[in-house]
Structure formats: structure tokens, C-alpha cells
Amino acid sequence: MRIIRLKDVMETTGLGRSSIYKYAQEGSFPKPVSLGGRSSGWVQDEVEEWVIEKIAQRDEKLREERK
């Protein structure tokens with residue numbers, strides 16, 4: 001398990017800082033892990049799983065549109 005910082009999360013997802021925190025607060029994105037003080041990070045596997053889920057949703061939508 002690896003903890004990644006905001007910059008890496010932004011690069012992985014293509015989302016901006018505000019969107020990441022907004023989606024996490026809404027419960028539609030993995031929550032950050034407190035690393036002490038004002039530092040936080042995300043579990044890399046959870047972020048990557050979120051991206052994979054978004055790709056699967058896109059693919060399912062495309063399959064449904066082709067029917």
C-alpha cells in the first residue's frame with residue numbers, strides 16, 4: 001500500500017484540487033488520509049480503483065448507446 005500526495009492524485013485523475021476535495025466530501029471519491037498536521041494523502045489503490053470504475057462506467061454507457 002502506498003500513500004500519494006495531492007499532486008499525484010491530480011495527475012492520475014485529471015481533476016483539480018477543488019474537485020478532488022468536493023467529490024471526497026460528497027462521498028464519490030476516496031477520502032484523504034491524515035498524515036499529521038496539515039498533511040494528507042490518498043491510498044493509491046483507492047484512487048486507481050476510482051479511475052478504473054469511471055472507465056467502466058464510460059464503457060457501459062457506450063455499449064448501451066450502441067444498442
Side-chain angles (χ1 to χ4, degrees):
M1 175 173 33
R2 181 169 178 240
I3 301 294
I4 58 176
R5 301 300 295 264
L6 181 60
K7 179 183 174 199
D8 295 321
V9 175
M10 291 169 60
E11 289 176 4
T12 300
T13 63
L15 295 172
R17 178 187 185 280
S18 300
S19 295
I20 290 167
Y21 282 107
K22 179 181 126 190
Y23 294 152
Q25 186 175 19
E26 293 173 352
S28 60
F29 191 79
K31 300 251 188 247
V33 176
S34 176
L35 301 175
R38 294 179 43 164
S39 297
S40 62
W42 283 259
V43 178
Q44 183 176 16
D45 292 344
E46 292 176 359
V47 174
E48 290 174 353
E49 183 63 34
W50 182 87
V51 171
I52 290 168
E53 185 178 316
K54 291 297 179 187
I55 293 169
Q57 289 173 358
R58 178 206 59 194
D59 292 347
E60 180 61 30
K61 183 178 178 183
L62 289 173
R63 278 193 288 277
E64 289 176 11
E65 290 174 356
R66 292 182 187 150
K67 289 182 181 179

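Nothing fancy with the numbering, it's 1 onward along the sequence. On a predicted model such as this, the values are computed, not experimentally measured, just so you know.
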Hey, what do you get for CG (Asp45) to CD1 (Ile3), rounding to the nearest 0.5 Å?
9.5 Å

How many angstroms lie between atom CG of Leu6 and atom OG of Ser40, to the nearest 0.5 angstrom?
7.0 Å

Have a look at Trp50 and tell me which of Val9, Ile55, Leu15 forms a side-chain contact (heavy atoms from CB on, under 4.5 Å) with it.
Leu15

State, with a plain yes or no, whether a side-chain heavy atom of Arg5 is found less than 4.5 Å away from one of Leu35.
yes

Side-chain atoms of residues 17-31: list all donor-acceptor pairs with protein atoms under 3.5 Å, sequence neighbours left out, distances to 0.1 Å.
from  : atom 1 : to    : atom 2 : distance (Å)
Ser28 : OG     : Tyr23 : O      : 3.4
Lys31 : NZ     : Ala24 : O      : 2.3

Is there a path of hydrophobic side-chain contacts, each under 4.5 Å between heavy atoms of I/L/V/M/F/W/Y residues, joining Met1 to Val33?
yes

Measuring from Glu48:CD to Arg2:CZ, what's the distance to the nearest 0.5 Å?
9.0 Å

Going hydrophobic residue to hydrophobic residue with side-chain gaps under 4.5 angstrom, can you get from Ile52 over to Val43?
no

Say you draw a straight line from CZ of Arg58 to NZ of Lys54; how long is it, rounded to the nearest 0.5 Å?
12.5 Å

Partner residues of Glu60 under the salt bridge (Lys or Arg N to Asp or Glu O under 4.0 Å) criterion, sequence neighbours left out:
Arg63

To the nearest 0.5 Å, tell me how far Asp59 CG sits from Gln57 CD.
10.5 Å

Determine whether Ile4 and Met10 fall in the same hydrophobic cluster, where Ile, Leu, Val, Met, Phe, Trp and Tyr are linked whenever their side-chain heavy atoms lie under 4.5 Å apart.
yes

